[in-house]
Structures are given as structure tokens and as C-alpha cells.
S.K.: 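Please read through the structure below; I'll follow up with questions.
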Amino acid sequence: MSTRVLIVEDEPNIVESLSFLLRRAGFDVAAAGDGESALADLRSQPARLMILDLMLPKANGFEVLKAVRNDPALAGTRVLILTAKGQASDRRLAEVIGVDAFMTKPFSNREIMSEVRRLTAG
Amino acid sequence: MDTSLRPSRRSVLGARIRDRRRSLRMTQAALAARVGISASYLNLIEANKRSIGGALLKRIGDALEMPLESLDGAAERRLLDELDEIAGAPMLSALALTGSASDLAARHGAWAHALVALHRAWRDRDHAVHALSNRLSQDPFLGDAVHRMLTRVAAIRSAAEILGTTDDLAPDEQRRFAQIASDESERLSDVAQALATFFDKDVSDARPRTPIEEVDDFLLDRGNHFAELESVADALHAACGDASERSLADYLKRVQDVSTGYRHVAGVPHPARRAAEYDAQARTLVLDETLPAPTRRFELARLAADLFDQGAPLNAAIGASPQLRSAAARRRARRVLSSYVAGAVLLPYVDFQQAAVAARYDIEHLGRRFDVSFEQVCHRLTTLQRPGAEGIPFGLMRVDAAGYVTKRLPLPRLLLPRYGNACPIWPLYAAFQTPGEIVRQIAEFPTGDRFLFVACAIDKVRPAYAMPRRLMSVMLACDVLHADRTIYGEGLRLSSAAKAVPVGSNCRLCVRSDCAYREEDPIVGA
């Protein structure tokens, strides 16, 4: 069974490019457009990795990350934040809450795929 | 680099001729006949086994309805140069694209052009993003625009990379990612356009402005002189007899049936409480008894101005203005104008203007003479533009100790920053080092414009002992050409040959790259 990756992103075109890349690399890809549905999706079907935007409708990325880290059932979820909010303060906050990796937009496909492979390995 | 040495140029040319011929559904034989060569020779050309130029290339170009420039390789060379630039970009170095540009150009010419166009757009926008995000990093509109740009760029870049690096894309996938790149480019353009408009003064009418900006523009447009309000002030002054506190309070009681009361303040007052409160229902004005006398008189005169002729003159001035669009701006303007009238009641135009000229604009002397504050004198000096009885045109700026601009009245050639800091060399800031002392300076801008700056840090009422001292620095500015008419020009060498202090508007806009006071890179030429 292939590894499940959940893309949490409210920009459909970015979702489409990322989905394309991940599927080609053999991942099982799901997408959520806001924070609340991301958590609902994750709880109904765990994912190995969540690629998480920070600026999201309903619950923002920090809130989603915090909810994931506070839920023992989701302990195995790796979180990669992918955001245009790349300020040092955002990064620090994400690290404090417990992010696994932090990347900023615009991103290179190669970099994000190598990060995804690293986070889903093992 | 001599690009003509590149083997790719010829291969691009042959492929170009073949692709164009095919797209016109023309056989090799037909094209060969049109340009007067054999089909087999054309086949060699298209297979890049013969190089051509001159008249034959021109004939082929004409037959294919292609500009010579795109056939003879000039356009290709530019394209390949730009593709090489993309391939060499640090952010794409991991993809090892170098050397593959000619293949892309030959096989997917349109895609190559699309990539170049996107790259240009991305680079331009990237520059804009950097410049603008630094320029007003605290501005909410800019913050949002930058975020949207980065999001758009992320989508474009990802789609462009898929197009540029995936060899086996299905046609519908190609179309889909090209569509994404195209749609997102359009949105990126919209954001970029909105940003450009944000900064473009010529189209500033089209963008939403803050109420403060609307009032700023209103005052600038009127040169901060309102003849009709001067008449109101003259009428009020005449009706009061003089501008003493007693006379103003008597006038309010007699004409407007407004009683004035004084509030005794015991203990620590609430810092946010207003020092003067008018109750329109009860028709009472309550003044804090600890207010300085000039401020009490000013508040009385302001209420008299507000109530004069049921507010008609103030409302007319505001209603006639095309700049004041929002209700918030009109409310703000009303307060500014009632302050204007109050200042004019305390400092009647003719008396004050004559006294100012006679005293050579000595601010402290005028303050004593009319029993008003330093700041009230400065403010009134900026309004002396009655035709036939003009004073020196003064600009004014006031900042608090944190550098916030709390008042600004620019001059036509003197840009006073609306937000953020002005040049740290201006005496506006040095004045904080010596509160109560007047600091002056002949300042020369990079344009060569020279101004006399006169600044003083003044104490405002502090709300309580435990609160910090409240200083405001007030600065008047006039063209150095008028400096000899002021006491502040005395002893200074005012000729343009004399040395002046080199200043700028603020670091972001200043070109003095070697300035020891520079705190930020210039927005252009960093």
C-alpha cells in the first residue's frame, strides 16, 4: 500500500501541481482546502505526511499543527509547512509547536520532493 | 560569449523551418518549388545538414511568412541566452538544466518562449516583491499583496518546472499545466498592477485611501489656508471682543447658551480621558482645570467655531472638497477645520501676520505676545497665505519620541514622510536631545534644494507622575530663500556657495550611499 500524503492548501493550482508530482512519485494523495476539513480528513484516515499551508480558511496552519500535535492518535503524522509567510517569527513559532520541516513559497519541485521523500522514509 | 559558435543555432534553424512548414501543411516539395531549390536540398537544410543564409533564407522566410529575425537565428540566440540564464539560476541549479536549453527551444519553441516570459515576469515581480516588502513591511495592503504574489509565483514556478523538466507529459497534462501557468500569470499581473497603483501618485485617486490621507490631500490642495474660515474667526473674535478665556466663555453662554464648567481632578486621572468634553444635550463644556491656559482658550474657541452659524461654514468647506470622500475623513476634517478656526481666533490674521513679520518670525516671542503655545504659533504660521498679506510659506512636521509622524503640512518641494521616519539628520530628531531649545539647520537635499529647518521638542501634559515625560518635536521648514527674513537665518551662511548639511527625505528614498546615518538601503540602487 502506498504512503498517504495530505495536502492542506487553499490554492487549487498549487494543489494540482503538488498532487501531480506526488502521484508520479508513487504517493497516495489527498487534499483539503481548509484547516477544519484537514483535521477531519486526518482523523478519518491517517496520513504519513501533511503538507500544510499557514494562511488557510477556518483553522489556520498553526492551529492545525497544534491540534495534530495534541492528538495522540495522530502522533505518527509528519508535518511539512509550505507557506508564503516565511518570516523568521513564523518559522520559530512552527518549530515551537513541533513542525518537522518548513519550506517557503515559491518552492522548487525538486526540493519539495526530496523533502517529502526524507520525511516519509522509514 | 559568442553565441554564433553554438552548434545549437543551426539545429534550431532547421527544426524551425520544418515545424513552420508542417504547421502550414506544406510539403517539402511545395516549399522547395516556391523558393527555387530541390526538395532533397530542402531536406538537408531541415535536417541541419546544410547551413544557409542570405537570399535563400530570406526567400524561405517569405514563403513561410516568418520574419527573418526569427528564422536567421537572432531571435533564437536571444531565446537561448535567456534559457541559459534560467538554467544557470541558483534556484534551479539542482535540476542541472545547463546544456538542454537548445533541445527545449528546438522541440518546444513555444514552451521555451513561455518559460522565458514567465521567468521575466517572475524576476520582475520578485524584484518588486523584495523592494515593496521592505518598503512598507508594516502596511497591511502590501503584506497581503506580497503574500498573494508569492502564492501566485509558487503556482507558476511549479507548473513551469513540470513543463520544463517532465519529458513524457501527456498532451492534456501539457495543456493543463500551461493553463495553470497562464491563469496564475494573469492573477500575478493583477496583484502587480494593484501594487503599482498603490504607489502611483498619478492614479492615486483610483485607490482607496485612508481618512488621514484624504484630509492630508485636502489641506495640501487648499495650501492650508481657508479664507472663508478666516472670516468666521474674525467674526468670532469681534463678537468676543478679545480672545481671553473669560471673553470666550461669556460668548459661548451669551450666543450659544453653552455653560463652561471646570472639572477638579483628584488623584491619578485616566490617561485616555479627554481633557475637554462637550455635552450637546446639556449644552455644557467641561474643561479639565489642570489644562494649560492656552489649551483651555483653544478648546473654548474650537467649540465656538463648531457651533458658529450651526456649523454651516465648516460643513460648506468640507462639502465643497472632492478629496474628502469617506465619512471618517469628513469627521476628521471637521475637527481639523474647527482647530484651524480656533487657532485663527486666538491669533487673528492681520495682527498676527504683522507681528510675525515685525518679529522676524520669532516663535517664542510670538507665543509670549499672544499668550499661546509654541506649537500653536508654528501651526498658525503655516496658514499665513492670504493674497496680498502673505507670510513666508512654512511646512510643518510633528513627531513623538518614538518617531511617529503626528502632524504634517508639506511644502510643494519638501516631501514630508506620511509614515515612518524622515532623515535622521533633520533637527526634528536632534531637538529631543535638548527639550525646550530651538535647533536650526540649513539642510541641502540631493536635488540641491535647500531649506531652513527650525525645530523644538516641547513638553505635552503627562497624564500622571508615574508616566513618562511626553515630548513632541515640532519642526517648521521654509525655503532657504526666505531664511533671511527670519531670526533663525541670522548668523547662518545662506548663500548657495556656503556649506549646508547634506540630508535626504528618508533613507529609502535617499541616494547618498556613503551617509554615516544610513539605516536602511535605498529602494532603488541598493
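Residue numbering restarts at 1 for every chain, and letters A, B, ... go by the order of the sequence lines.
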S.K.: I need the B:Thr151 OG1 to A:Leu82 CG distance, nearest 0.5 Å.
M.R.: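 With rounding to 0.5 Å, OG1 (B:Thr151) is 9.5 Å from CG (A:Leu82).
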S.K.: Rounded to the nearest 0.5 Å, what's the gap from CG on A:Asn13 to CD on B:Gln179? Could you check?
M.R.: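 Rounded to the nearest 0.5 Å, the CG-CD separation comes out at 9.0 Å.
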S.K.: When you check the gap from the basic side-chain N to the acidic O, do B:Arg152 and A:Glu11 get nearer than 4.0 Å?
M.R.: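 Yes, B:Arg152 and A:Glu11 are salt-bridged.
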S.K.: Identify the residues of residues 16-25 of chain A whose heavy atoms come closer than 4.5 Å to a heavy atom of chain B, ordered by number, or report 'none'.
M.R.: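 Within residues 16-25 of chain A, the residues that come under 4.5 Å of chain B (heavy atoms only) are A:Glu16, A:Ser17, A:Phe20, A:Leu21, A:Arg24.
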S.K.: Could you give the distance from CG (B:Leu150) to CE (A:Met55), rounded to the nearest 0.5 Å?
M.R.: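 The CG atom of B:Leu150 sits 10.5 Å away from the CE atom of A:Met55.
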S.K.: Crowded around A:Arg69 CZ? As in, over 12 foreign heavy atoms under 6.0 Å?
M.R.: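 Yes, because the 6.0 Å sphere around CZ of A:Arg69 holds more than 12 heavy atoms from other groups.
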S.K.: Under a 4.5 Å heavy-atom cutoff, which of B:Asp168, B:Ile156, B:Asp183 has the most pairs with chain A?
M.R.: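 Most pairs with chain A among the choices: B:Asp168.
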S.K.: Please flag which part of B:Leu169 lies under 4.5 Å from any non-hydrogen atom of chain A: side chain, backbone, both or neither.
M.R.: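 Contact with chain A: side chain only.
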S.K.: May I ask you to check whether over 12 heavy atoms, not counting those of B:Arg107, lie within 6.0 Å of atom CZ?
M.R.: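 Not more than 12 within 6.0 Å, no.
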S.K.: Could I get the full list of side chain to side chain donor-acceptor pair (under 3.5 Å) partners for A:Ser37, not counting sequence neighbours?
M.R.: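 Expected list: A:Asp34.
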S.K.: Tell me if a side-chain donor or acceptor on A:Asn109 pairs with a main-chain N or O of B:Ser158 at a distance below 3.5 Å.
M.R.: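 At least one qualifying donor-acceptor pair exists.
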S.K.: So what's closer than 4.5 Å to chain A heavy atoms on B:Thr165: side chain, backbone, both or neither?
M.R.: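 Looking at B:Thr165, nothing touches chain A.
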S.K.: More than 12 foreign heavy atoms under 6.0 Å from CD of B:Glu519: is that the case here?
M.R.: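 Result for CD/B:Glu519: open.
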S.K.: Would you name the heavy atoms of A:Pro106 and B:Arg157 that are closest together and state the gap between them?
M.R.: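 Scanning both residues completely, I find the closest heavy atoms to be O-NH1, 3.4 Å.
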